[in-house]
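First listed ligand is number 1; within each ligand, the first listed atom is number 1. For clarity, every value in this text was computed on a predicted model and none was experimentally measured.
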Amino acid sequence: MSAYLPFTRPLIDEETIAGVADVLRSGWITSGPQVKAFEAALSEYVGGRPVRVFNSGTCTMEIALRIAGVGAGAEVLTTPLSWVATSNVVLEVGARPVFVDIDLATRNIDVARIEAAITSATRAILPVDLAGLPVDRDALYAIAQRHRLRVIEDAAQALGSQWRGRRIGAIGDLVSFSFHPNKNITTIEGGCLVLNDTAEALLAEQYRLQGVVRFGFDGMDVDLVGGKFNLTDVAARVGLGQLAHLASFNARRLALARAYFAGFEQCGIAELGLQLPRADFVNSNWHMFQVVLPEERLTVKRSQVMAEMHAAGIGTGVHYPAIHLFALYQRLGFEAGDFPHAEYVGRNILTLPLFPAMQEGDVARVIDTLNRILRAHARPGAARVLQNATDAR
Ligand SMILES: *Cc1c(COP(=O)(O)O)cnc(C)c1O
């Protein structure tokens with residue numbers, strides 16, 4: 001029996017671990033020179049735009065909304081298929097999330113439906129690049145410009161993804177990334193925000209630490225309510241060590257994603273109705289490899305499939321249930337049936353193992369196991385379709 005295969009696992013090299021030990025011994029462990037160096041490296045990565053780091057990829061978005069002036073009475077257009085942080089931050093600043101259903105092919109917000117959801121209260125669009133597959137930036141920004149809306153990109157999963165040959169973050173309005181351990185690079189916890197100019201960068205620093213501005217040796221003022229969102233130097237040192245591997249990590253993810261497509265094609269699992277992600281080998285950073293189970297052709301639910309995968313030594317994940325069906329959001333007036341695409345995908349999406357240290361043999365094992373489980377639970381009708389397809393070959 002092979003070792004348990006998790007759906008993701010961070011990879012920290014020995015040089016970074018030694019670097020963290022150095023920071024711990026240095027006498028300066030909270031925000032300091034490592035944070036400055038990490039911000040400079042990230043800024044260089046996104047073509048010189050200002051970047052500030054924070055202690056999560058959630059507060060980065062909350063702060064971006066505040067910088068964009070989004071508050072009470074405002075509506076923010078976003079996707080119902082994301083980590084709940086995406087819409088929680090909208091509530092946190094006192095605004096209202098307005099969901100727009102997803103496109104089944106990309107599983108991202110359906111850009112073609114955005115304009116119909118714009119009202120006189122709309123102030124911003126908050127798109128999410130699910131699994132690292134970028135939302136169409138041309139269509140998105142055309143709408144934003146036409147309606148004078150700010151865009152806060154929840155690019156938490158999209159570091160290293162690109163649009164028309166340019167890195168996500170190097171283009172666009174306010175762009176937020178996360179460095180949670182599941183993301184393509186990590187600071188353990190953390191995130192960063194790409195800003196438009198030094199004025200926005202100064203505001204970000206204020207919101208990050210109690211609204212404080214400093215001048216001279218002893219000057220200090222506070223003119224807005226900020227929080228406590230600064231990243232430690234220990235975390236920033238982890239991030240610097242990780243950023244050096246981002247390109248090779250993402251290249252490895254791409255190779256493994258290609259292996260998934262080839263393997264799934266070979267075993268004919270598509271006949272069962274399993275939906276694969278969009279085969280984008282150019283723009284996506286392959287943050288996740290997610291399939292959508294064919295619920296109408298299976299006699300069991302996703303949880304049973306996950307339990308059987310787990311029993312076979314393979315971890316899977318759910319990213320994500322539809323946000324508007326959570327109790328908090330139902331209390332705000334959302335209900336089942338509002339966003340049928342997001343609901344279907346939210347019930348059936350399954351994240352398969354994908355991380356840089358994985359091997360091609362692991363991919364084959366995941367596919368074989370899932371193939372066996374899905375065929376064992378195919379509805380009789382679905383099995384016949386399958387049998388015919390097999391006979392025909
Ligand atoms: C990870 C993630 C976040 C939040 O990031 P944290 O660093 O965990 O706060 C927000 N949105 C999406 C889509 C994410 O995947």
Worksheet item: Counting heavy atoms not belonging to Arg347, are there more than 12 under 6.0 Å from its CZ?
Response: yes
Discussion item. How about CD1 on Ile171, more than 12 heavy atoms from neighbouring residues, nucleotides or ligands closer than 6.0 Å, or not?
Written reply: yes
Worksheet item: Is the closest heavy atom of Gly190 to ligand 1 under 4.0 Å?
Response: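 Gly190 counts as a contact of ligand 1 under the 4.0 Å cut-off.
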Item to complete: With heavy atoms only and a cut-off of under 4.0 Å, state how Phe177 meets ligand 1: side chain, backbone, both or neither.
Response: neither
Practice prompt. Work out whether the distance between some heavy atom of Ser82 and some atom of ligand 1 is less than 4.0 Å.
Written response: yes
Discussion item. Does any N or O of ligand 1 fall below 3.5 Å from an N or O anywhere on Gly57, backbone included?
Written reply: yes
Worksheet item: Hey, is CH2 on Trp83 packed in by over 12 heavy atoms from elsewhere, all under 6.0 Å?
Response: no
Fill in: His319 heavy atom under 4.0 Å from ligand 1
no
Discussion item. Could you identify the single nearest non-hydrogen protein atom to atom 9 (O) of ligand 1 and state the distance to 0.1 Å?
Written reply: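 Looking at atom 9 (O) of ligand 1, the protein heavy atom closest to it is Thr58 OG1, 2.5 Å.
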Worksheet item: Would a distance-only check, ignoring hydrogens and angles, find a side-chain to backbone donor-acceptor pair under 3.5 Å from Ser161 to Asn285?
Response: yes
Worksheet item: Under 3.5 Å, side chain of Arg365 to main-chain N/O of Gly313, donor-acceptor pair present?
Response: yes
Worksheet item: Considering only protein heavy atoms, which is closest to atom 15 (O) of ligand 1, and at what distance to one decimal place?
Response: Gln157 NE2, 2.8 Å
Worksheet entry | Closest to atom 3 (C) of ligand 1 among Phe54, Phe179, Trp83 (heavy-atom distance) | Trp83
Fill in: Which of the ligand 1 atoms, numbered from 1, are nearer than 4.0 Å to a heavy atom of Ala156
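Per the distance check, 2 (C), 3 (C), 10 (C), 11 (N), 12 (C), 14 (C), 15 (O).
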Worksheet item: When you measure from the side chain of Ser26 to the backbone N and O of Val23, does any donor-acceptor pair fall under 3.5 Å?
Response: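 It does hold such a pair.
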Item to complete: Go through ligand 1 atom by atom and flag the ones less than 4.0 Å from a non-hydrogen atom of Tyr320.
Response: 15 (O)
Fill in: Taking atom 10 (C) of ligand 1 as the reference point, the nearest protein heavy atom with its distance
Asp154 OD2, 3.6 Å
Worksheet item: Please walk me through it: do Glu308 and Lys301 pass salt bridge (Lys or Arg N to Asp or Glu O under 4.0 Å)?
Response: CA-CA 11 Å; Glu308 292 184 26; Lys301 291 190 192 312; over 6 Å; no
Fill in: Residue from Arg137, Lys183, Arg107 passing salt bridge (Lys or Arg N to Asp or Glu O under 4.0 Å) with Asp129
Arg137
Item to complete: Give the atoms of ligand 1, by number and element, whose distance to some non-hydrogen atom of Val128 is under 4.0 Å.
Response: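 Close to Val128: 13 (C).
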Worksheet item: Is it true that Val98 and Val111 fall in one hydrophobic cluster, defined by side-chain heavy atoms closer than 4.5 Å?
Response: yes
Worksheet item: Hey, is ligand 1 close enough to His180 that some N/O pair sits below 3.5 Å?
Response: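 The answer is no, given that His180 and ligand 1 share no N or O pair closer than 3.5 Å.
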Discussion item. With rounding to the nearest 0.5 angstrom, report the OG1 to CG distance, Thr8 to Leu354.
Written reply: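 Output value for this atom pair is 7.5 Å.
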Worksheet item: Short N/O distance, under 3.5 Å, between Glu189 and ligand 1?
Response: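 Min N/O separation from ligand 1 is not below 3.5 Å for Glu189.
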Worksheet entry | Atoms in ligand 1 flagged as close to Met61, the criterion being non-hydrogen separation under 4.0 Å |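 Checking each atom against Met61, I get 10 (C).
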Worksheet item: Looking only at heavy atoms, is any part of Lys183 under 4.0 Å from ligand 1, and if so is it the side chain, the backbone, or both, or is it neither?
Response: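 Contact part for Lys183 vs ligand 1: side chain (C-beta onward).
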Worksheet item: Applying a 4.0 Å heavy-atom criterion (strictly less than), which segment of Thr86 is in contact with ligand 1: side chain, backbone, both, or neither?
Response: side chain
Worksheet entry | Pairs meeting criterion side-chain hydrogen bond (donor to acceptor under 3.5 Å, both in side chains) with involvement of residues 143-152, two or more places apart | Glu115-Arg146, Glu115-His147, Arg150-Asp173, Arg150-Glu200
Practice prompt. Run the numbers for me: atoms of ligand 1, each under 4.0 Å from some heavy atom of Ser178, listed by number.
Written response: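 Numbered from 1, ligand 1 contributes 1 (C), 5 (O), 6 (P), 7 (O).
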